[in-house]
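Nothing fancy with the numbering, it's 1 onward along the sequence. Just follow the structure's listing: the first ligand is 1, and inside any ligand the first atom is 1.
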Amino acid sequence: MTAERYNARESEPRWQRLWDEKAIFASKNDDPRPKYYVLEMFPYPSGRIHIGHVRNYTLGDVLARFMRAKGYNVLHPMGWDAFGLPAENAAIERKVAPKAWTYDNIAAMKKQLRSIGLSLDWSREFATCDPSYYKHQQKMFLDMLRAGLAEREKRKLNWDPVDMTVLANEQVIDGRGWRSGAVVEQREMSQWVFKITKYSQELLEALDGLDRWPDKVRLMQRNWIGRSEGLLIRFALDAATTPAGESELKIFTTRPDTLFGAKFMAISADHPLAQAAAAKNPKLAEFIADIKKIGTAQSIIDTAEKQGFDTGIKAVHPFDPNWKLPVYVANFVLMEYGTGAIFGCPAHDQRDLDFVNKYDLGNVPVVCPEGQDPKTFVITDVAYDGDGRMINSRFLDGMTIEAAKEEVAKRLETELRALPGEGRLAPVGERQVNFRLRDWGISRQRYWGCPIPVIHCPTCDVVPVPDDQLPVTLPEDVSFDKPGNALDHHPTWKHVTCPKCGGKAVRETDTMDTFVDSSWYFARFTDPWNETAPTTPAVANRMMPVDQYIGGVEHAILHLLYSRFFTRAMKATGHVDMSEPFAGMFTQGMVVHETYQKADGSWVTPAEVKIEVAGNGRRAVLMATGEDVEIGPIEKMSKSKKNTVDPDDIIASYGADVARWFMLSDSPPDRDVIWSDERVQGASRFVQRLWRLVNESAEIAKIAGNKAAPAARPETFGPEALALRKAAHGALDKVSSGIERLHFNVCLAHIREFANALSEVLAKGDKPAPDLAWAVKEAATILVQLFSPMMPHLAEECWVVLGQTGLVSEADWPQIERDLLVEDSVTLVVQVNGKKRGDVTVPRAAQNADIEAAVLALDAVKAALGGKPVRKVIVVPMRIVNVVG
Ligand code: ANZ
Ligand code: ZN
């Protein structure tokens with residue numbers, strides 16, 4: 001019998017409906033089996049699933065289906081990261097309410113997700129914009145407020161006067177707002193912050209324990225937290241030169257060893273001393289206004305040309321009262337780090353060197369690399385920041401950097417000087433640990449976010465909204481006609497009576513940064529039904545942490561760090577009992593595609609071009625007109641370059657299984673995968689091949705009995721049957737361990753290889769003996785189970801063909817027969833007089849005499865002996881043969 005073609009379009013929705021009806025992917029919190037929590041980063045409901053989502057969710061789905069078959073109680077939920085700016089932009093541009101826009105998008109995307117055949121527990125679904133979700137977020141905000149983990153802080157912020165909103169540093173370009181183009185003002189504003197810096201050291205140290213996280217992600221977090229050990233030094237100022245008699249300047253340095261290479265001091269434009277000096281010096285004030293225009297993003301500051309203004313103020317070197325250093329206001333010193341002031345040592349810091357070279361201040365090297373002559377060692381354009389010995393540094397000369405740092409710290413720690421204005425004596429130097437990490441500012445002047453549940457009362461100040469009045473819900477009758485925060489413009493929403501004194505008061509109209517919403521959703525999934533509390537601690541503590549989290553590397557810093565902080569905050573306020581939310585983290589690569597460009601520079605989509613292969617070149621032709629288009633570089637899929645493929649199109653033409661298989665097979669999951677129509681077609685052909693193979697196997701399997709009367713397992717297996725069984729169990733072993741390590745592309749290669757082995761047996765065409773028929777049935781069953789996590793619909797269909805009962809999605813993973821994995825032969829390393837000369841493969845049961853004979857017959861051994869007689873042959877069983885000549 002030749003089977004008909006497998007029809008994915010007919011089959012896939014049918015199985016999806018059945019899985020749904022039987023709710024087989026819903027996990028129960030009272031399930032006594034060991035748990036396994038697989039989570040993919042939940043999507044923003046933009047309106048459509050993109051191909052990157054398909055890859056992300058397929059990776060998680062393979063693991064979820066596998067762990068379920070292995071007998072775990074798998075938690076694999078899905079939800080929506082639903083607050084954010086695009087909904088407001090849609091409201092402005094298209095006059096649709098943000099809520100309606102968001103929920104419509106969710107409905108559309110949910111339909112798309114279902115078509116991929118993911119084994120998700122939809123019973124736990126929520127969107128972060130559901131009041132039943134953000135109600136608990138408001139509760140936790142108040143808990144954190146009481147615990148001192150949330151605070152109000154005055155911060156200088158970038159204010160866009162046209163859009164009437166605060167901008168992140170990255171949104172200020174050339175001093176203007178990225179959307180409005182208006183000149184950005186610095187405004188001091190009260191902000192709500194989460195005190196993440198209370199956990200700086202802990203968040204850093206705990207990275208060491210996250211051994212199932214990619215090293216690169218841990219490194220990025222480490223750098224972001226940015227711990228520096230250094231010295232705080234109080235430089236005396238020559239009071240005669242200061243604007244208002246200021247007598248000292250505090251700096252932070254990680255290189256106190258380089259103090260004798262100091263050439264200048266520099267302070268931030270926002271430093272009080274700079275402000276005081278500018279008040280008396282219009283030129284300086286002008287300079288400060290100028291440098292502030294370029295923007296405050298770190299990346300801009302790092303690349304901008306170094307600029308400074310000599311204030312005329314002089315600082316005194318801490319080790320030499322006669323040594324005066326000029327104090328500059330410089331554009332590369334940030335007020336937010338350390339003390340907002342530095343001493344500059346140009347020979348050993350590139351920024352400082354660029355600076356002195358511009359202003360002709362010169363440099364003196366104080367660290368000499370090993371092997372260089374201190375007398376001739378000079379620095380011109382490249383600063384030296386490597387190791388070496390101290391030179392030109394008086395009492396430090398000859399020391400290592402470490403010893404010099406220690407010596408400077410010791411001397412300055414014990415030197416005392418009166419504190420300005422106090423007269424109390426204090427050390428001139430103080431060891432200090434600094435972190436780059438700042439507290440997390442969460443206030444956003446936005447409508448479509450979680451309202452911050454406090455009330456401002458003129459008499460009582462900040463008053464938390466009482467628990468029984470939560471949630472503070474967003475009003476729906478809002479207008480976006482005016483720029484700024486729609487909550488602010490709302491006629492009534494913000495006007496309330498103070499819960500404390502009953503007087504007139506106003507609500508906080510800022511909403512929370514959407515990163516807050518995604519910092520605890522994984523905990524909520526453990527019991528989304530709890531109406532009275534964010535979590536049910538007993539359940540959360542059992543189901544958490546997430547065993548495997550999967551998502552894009554673009555979230556490697558902020559989202560993961562905020563989630564790690566928030567979990568600690570939830571622990572401190574009694575909602576969970578662990579510190580780390582994600583035991584395993586995996587960052588998947590992107591889906592990339594060639595780009596195509598017409599002669600006029602416009603981009604065209606892959607669907608519009610036809611690729612012609614001519615000789616060893618490829619040519620792209622625009623199908624509509626026949627004109628040539630240029631094949632451009634392979635890039636991340638993006639709307640602007642039109643190099644996207646639409647998951648709906650792919651699923652409609654090939655089926656979800658093909659899309660899943662292609663994306664798993666073509667690259668290791670952490671690397672980029674290049675979308676290629678030709679290779680997708682290859683995956684599609686493979687699906688049909690598997691379908692024929694299983695059907696043919698099913699025919700043969702009938703010899704080995706049927707569902708009603710299964711044949712007994714044969715007592716013994718002939719060589720052919722045994723070889724097939726070994727191939728089956730070998731594949732089972734490799735695929736099982738491959739899935740556990742997320743080496744999916746390797747698993748798929750093993751499945752292909754095993755399918756070939758089965759094909760070869762069937763190709764012989766003879767009517768097989770019962771032992772082989774039994775082995776074919778076993779092999780086909782294992783094969784279907786092996787690809788079921790990747791292509792679940794095809795697998796269900798094949799399961800029926802093989803006469804199996806129930807769903808393959810619910811079947812237990814096959815048991816490996818370990819004795820079938822033992823190889824028949826072993827390979828031993830061959831040495832001559834202790835040096836490796838080759839290897840030899842012999843039957844596992846070979847006697848020493850046979851091994852010796854085989855080894856001595858090797859050409860490499862004969863050559864190494866060079867005619868000398870053999871004195872002894874030592875055989876280390878299963879490992880080494882050493883020939884002593
Ligand atoms: C003198 C020196 C000599 C420095 C030298 C470096 C090399 P990390 O490691 O990132 O903590 N610095 C301190 N505060 C700064 C600020 N607000 N803005 C810009 N730069 C600042 O960096 C610490 C070093 O960065 C400090 O050590 C200081 O320069 C500079 F050969 O002091 B150093
Ligand atoms: Zn009040």
Give the numbers and elements of all ligand 1 atoms closer than 4.0 Å to a heavy atom of [X].
{"X": "C345", "value": "3 (C)"}
{"X": "V333", "value": "16 (C), 17 (N), 18 (N), 19 (C)"}
{"X": "H348", "value": "5 (C), 7 (C), 31 (F)"}

How far is [atom] from its nearest protein heavy atom, and which residue and atom name does that atom have?
{"atom": "atom 17 (N) of ligand 1", "result": "L334 O, 2.7 Å"}
{"atom": "atom 3 (C) of ligand 1", "result": "T258 OG1, 3.3 Å"}
{"atom": "atom 30 (C) of ligand 1", "result": "R351 NH2, 3.6 Å"}
{"atom": "atom 10 (O) of ligand 1", "result": "R436 NH2, 2.7 Å"}
{"atom": "atom 15 (C) of ligand 1", "result": "I342 CG2, 3.6 Å"}
{"atom": "atom 6 (C) of ligand 1", "result": "D349 OD2, 3.4 Å"}

> With a 4.0 Å cut-off on heavy atoms, is S228 touching ligand 1?
Replying inline: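 Yes; S228 lies near enough to ligand 1 that a heavy-atom distance drops under 4.0 Å.
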Give a yes-or-no answer on whether the side chains of [X] and [Y] include a donor-acceptor pair shorter than 3.5 Å.
{"X": "D439", "Y": "T197", "result": "yes"}
{"X": "D160", "Y": "W178", "result": "no"}
{"X": "R152", "Y": "Q191", "result": "no"}
{"X": "D477", "Y": "H490", "result": "yes"}
{"X": "W213", "Y": "Q221", "result": "no"}

> Heavy-atom distance under 4.5 Å between the side chains of I251 and L232, does that happen here?
Replying inline: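 No - every pair of side-chain heavy atoms lies 4.5 Å or more apart.
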> Heavy-atom contacts under 4.0 Å between T254 and ligand 1: side chain, backbone, both, or neither?
Replying inline: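 Near ligand 1, T254 shows its backbone as well as its side chain.
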>> For F332, which part has a heavy atom under 4.0 Å from ligand 1: side chain, backbone, both, or neither?
In response: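 Backbone only; the side chain of F332 stays clear of ligand 1.
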> If every non-hydrogen atom of S268 is compared with every non-hydrogen atom of A274, which pair is closest and at what distance?
Replying inline: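 Closest heavy-atom pair between S268 and A274: O-CB, 3.4 Å.
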>> Both conditions, 6.0 Å and 45 degrees, for the charged tip of R436 above the ring of W224: are they met here?
In response: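 The answer is no, since R436 fails at least one limit relative to W224.
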> Does the ring of F343 carry R255 above it, NZ/CZ under 6.0 angstrom from centre and within 45° of its axis?
Replying inline: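 Verdict for F343: no cation-pi partner in R255.
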>> Can you confirm if the aromatic rings of F309 and Y328 lie within a centre distance of less than 6.0 Å?
In response: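 No, they do not, as the ring centres are separated by 6.0 Å or more.
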> If we only count N/O pairs under 3.5 Å, is Y337 in contact with ligand 1?
Replying inline: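 Y337 vs ligand 1: N/O contact under 3.5 Å present.
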> Do T253 and ligand 1 have an N or O pair less than 3.5 Å apart?
Replying inline: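 Yes; at least one N/O pair falls below 3.5 Å.
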> Hey, looking at atom 7 (C) of ligand 1, which of R255, H271, Q350 has the closest heavy atom?
Replying inline: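 Selected option, by shortest heavy-atom distance: R255.
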> Please state the angle at the Zn ion (ligand 2) spanned by SG of C457 and SG of C460: what is it, rounded to 10 degrees?
Replying inline: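 Rounding to the nearest 10 degrees gives 110°.
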